[in-house]
Chemist: 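Dropping a structure here in structure tokens format, bear with me for questions.
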Amino acid sequence: DAFVVTSDRVDQDMRAQVRDAFGARIVNRYSCEEIGFVAIQCPFAEHLHVPPNVIAEIVNDQGDACEIGTPGRVLLTTLSNRAQPMIRYDVGDVAVLGEPCQHGIAWPVIESVEGRLRDGVTPPDGSFHMVFLYGSVLVHDPRVRGFAVLKFANTIVACLTSEGEIDSDLAAQVQSEVAHMFKLSLPVVVRRVAALPPVGAKPRREWFPAVGDYVETMTDEQVLASAY
């Protein structure tokens, strides 16, 4: 009656889809290659508990501890790895510290893991926010078979594969949602491509930074090769 997940961000939209499709719940386990299990989902709620063999700190850009409910960088210290101890290791994740568990479990609480720092953007006002595409039309519209979003210096390009041409309504919806998610003063171009790089050819990302400026005359291969 449950799916155990360990390798990606889990949000309410994903939990709802799994529940609707399979009648099952998600049990989240936060882990990384360097540490192993960092936190496991509470058996009574959806937050995560950090076990005694790990110290998880959530800090701001100055390295100071974040308040409960404030997103910050995750620093990990392992107390059980004698071969290669990790001390305040910056794993590259963003998480939110939670209130103490109301069900009596004394282990520290991580309310949520927000994602990877590399999936965030900094607008001109200096603020920082994460960009998540999972709940967008790119994922939920059956006409979209695959996609890759690339951020060039002058343009955000949404490359889509589809069975037919991309109509103006779908293109407008993609443009609107992507612009809203990035919150940057950049135009959004929707581009149908014949094929995308195979899964595993590049690291798993919500979106990809691209080298230089986007030019309309670029070929599909040139556009996709610009991602790094």
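For reference, positions follow the sequence shown, starting with 1.
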Chemist: Just jot down the salt bridge (charged side-chain N to carboxylate O under 4.0 Å, His left out) partners of Glu114, sequence neighbours excluded, or say none.
Modeler: none

Chemist: Specify the closest pair of heavy atoms between Cys66 and Gly72, including all atoms of both residues, with the distance to one decimal.
Modeler: SG-CA, 3.8 Å

Chemist: Among the clusters formed by ILVMFWY side chains lying less than 4.5 Å apart, do Met14 and Phe132 turn up in the same one?
Modeler: no

Chemist: What heavy-atom pair brings Ala95 and Ile58 nearest, and what distance separates the two atoms?
Modeler: O-CG2, 3.4 Å

Chemist: Quick one: list whatever passes side-chain contact (heavy atoms from CB on, under 4.5 Å) with Leu186, sequence neighbours left out.
Modeler: Lys151, Ile156, Leu184

Chemist: Taking atom CG of Asp1 and atom CZ of Arg19, what is their separation to the nearest 0.5 Å?
Modeler: 13.0 Å

Chemist: Is it the case that atom CD in Glu67 sees more than 12 heavy atoms from other parts of the structure closer than 6.0 Å?
Modeler: no

Chemist: Not counting sequence neighbours, which residues clear side chain to side chain donor-acceptor pair (under 3.5 Å) with Ser162? List them please.
Modeler: Arg192

Chemist: Would a 4.5 Å heavy-atom cut-off, applied to side chains only, mark Val4 and Val27 as touching?
Modeler: yes

Chemist: Any heavy-atom pair between the side chains of Leu138 and Val174 that's under 4.5 Å?
Modeler: yes

Chemist: What pair of heavy atoms forms the shortest contact from Ile105 to Cys101, and how long is it?
Modeler: O-CB, 3.4 Å

Chemist: Under the side-chain contact (heavy atoms from CB on, under 4.5 Å) rule, collect the residues that match up with Val5, sequence neighbours excluded.
Modeler: Val10, Ile26, Asn28

Chemist: Any donor-acceptor pair under 3.5 Å linking the side chain of Gln175 with the backbone of Val188?
Modeler: yes

Chemist: State, to 0.1 Å, how close Pro71 and Gly69 come at their nearest heavy-atom pair, and which atoms those are.
Modeler: CD-O, 3.8 Å

Chemist: I'd like to know if the side chain of Trp207 reaches the main chain of Asp119, judged simply by a donor and an acceptor atom lying under 3.5 Å from each other, with no hydrogens or angles considered.
Modeler: yes

Chemist: What residues form a ring-ring contact (aromatic ring centres under 6.0 Å, His included) with Phe3, not counting sequence neighbours?
Modeler: Phe22

Chemist: Distance-only criterion, 3.5 Å: show the donor-acceptor pairs between side-chain atoms of residues 176-183 and protein atoms not counting sequence neighbours.
Modeler:
unit_1, atom_1, unit_2, atom_2, d
Glu177, OE1, Val137, N, 2.8
Glu177, OE2, Gln173, NE2, 3.4
Lys183, NZ, His180, O, 3.1

Chemist: Output the distance between atom CG (Asp61) and atom CZ (Arg73), rounded to the nearest 0.5 Å.
Modeler: 6.5 Å

Chemist: Does CD belonging to Gln102 count more than 12 external heavy atoms closer than 6.0 Å?
Modeler: no

Chemist: Write down the atom of Leu150, the atom of Cys159, and the distance for their closest heavy-atom approach.
Modeler: CD1-SG, 4.4 Å

Chemist: Suppose we screen for ring-ring contact (aromatic ring centres under 6.0 Å, His included). Which residues come up paired with Phe44, at least two apart in sequence or across chains?
Modeler: His103

Chemist: Could you work out, with side-chain contact (heavy atoms from CB on, under 4.5 Å) as the rule, every residue matching Ile68, not counting sequence neighbours?
Modeler: Leu97, Glu99

Chemist: For Asp11, what residues pass the side chain to side chain donor-acceptor pair (under 3.5 Å) criterion, not counting sequence neighbours?
Modeler: Arg9

Chemist: Does Leu48 share a hydrophobic cluster with Val91, counting links as ILVMFWY side-chain heavy atoms below 4.5 Å and allowing steps through other members?
Modeler: yes

Chemist: In terms of hydrophobic clusters joined by side-chain contacts under 4.5 Å, are Leu133 and Val190 together?
Modeler: yes

Chemist: Of all heavy-atom pairs between Leu196 and Ala148, which one has the smallest distance, and what is that distance?
Modeler: CD2-CB, 4.0 Å

Chemist: Going from OH on Tyr89 to OG1 on Thr77, what distance comes out if it is rounded to the nearest 0.5 angstrom?
Modeler: 12.0 Å

Chemist: So do the side chains of Asp213 and Thr155 get within less than 4.5 Å of each other, counting heavy atoms only?
Modeler: no

Chemist: Could you state the interatomic distance from CD1 (Ile55) to CG (Leu79), rounded to the nearest 0.5 Å?
Modeler: 4.5 Å

Chemist: How would you list, by chain and number, every residue that makes a side chain to side chain donor-acceptor pair (under 3.5 Å) with Arg143, sequence neighbours excluded?
Modeler: Asp141, Asp167

Chemist: Go through the steps for Val139 and Phe147 under the test side chain to side chain contact (heavy atoms under 4.5 Å, CB included), then give the verdict.
Modeler: CA-CA 8 Å; Val139 175; Phe147 69 90; 3.9 Å; yes

Chemist: Should His49 and Val109 count as side-chain neighbours, where that means a heavy-atom distance under 4.5 Å?
Modeler: yes

Chemist: Can you tell me if CD on Glu33 sees more than 12 non-hydrogen neighbours from other groups inside 6.0 Å?
Modeler: no

Chemist: Could you tell me whether the side chain of Glu57 reaches within less than 4.5 Å of the side chain of Val74, counting heavy atoms only?
Modeler: no

Chemist: Evaluate side chain to side chain contact (heavy atoms under 4.5 Å, CB included) for Val94 paired with Leu117, printing each intermediate quantity in order.
Modeler: CA-CA 6 Å; Val94 177; Leu117 278 168; 3.4 Å; yes

Chemist: Please list, chain by chain and in numerical order, all residues satisfying ring-ring contact (aromatic ring centres under 6.0 Å, His included) with Phe152, sequence neighbours excluded.
Modeler: Tyr214

Chemist: Among the clusters formed by ILVMFWY side chains lying less than 4.5 Å apart, do Met218 and Val157 turn up in the same one?
Modeler: yes

Chemist: Any side-chain heavy atom of Phe208 sitting closer than 4.5 Å to one from Leu224?
Modeler: no

Chemist: Would a distance-only check, ignoring hydrogens and angles, find a side-chain to backbone donor-acceptor pair under 3.5 Å from Thr6 to Ser31?
Modeler: no

Chemist: Between Phe37 and Val54, is a side chain to side chain contact (heavy atoms under 4.5 Å, CB included) present by the stated rule, with each step listed?
Modeler: CA-CA 9 Å; Phe37 283 122; Val54 176; over 6 Å; no

Chemist: Hey, what do you get for CG (Asn53) to CG (Asn81), rounding to the nearest 0.5 Å?
Modeler: 10.0 Å

Chemist: NE2/His47 to CD1/Ile110 distance, rounded to the nearest 0.5 angstrom?
Modeler: 11.0 Å

Chemist: Is there a continuous path of hydrophobic side-chain contacts, each under 4.5 Å between heavy atoms, that joins Ile40 to Val50?
Modeler: no

Chemist: Would you say CZ of Arg29 has more than 12 non-hydrogen atoms from neighbouring residues, nucleotides or ligands within 6.0 angstrom?
Modeler: no

Chemist: I'd like to check the side chain to side chain donor-acceptor pair (under 3.5 Å) partners of Gln12; sequence neighbours left out, ordered by chain and number.
Modeler: Glu46

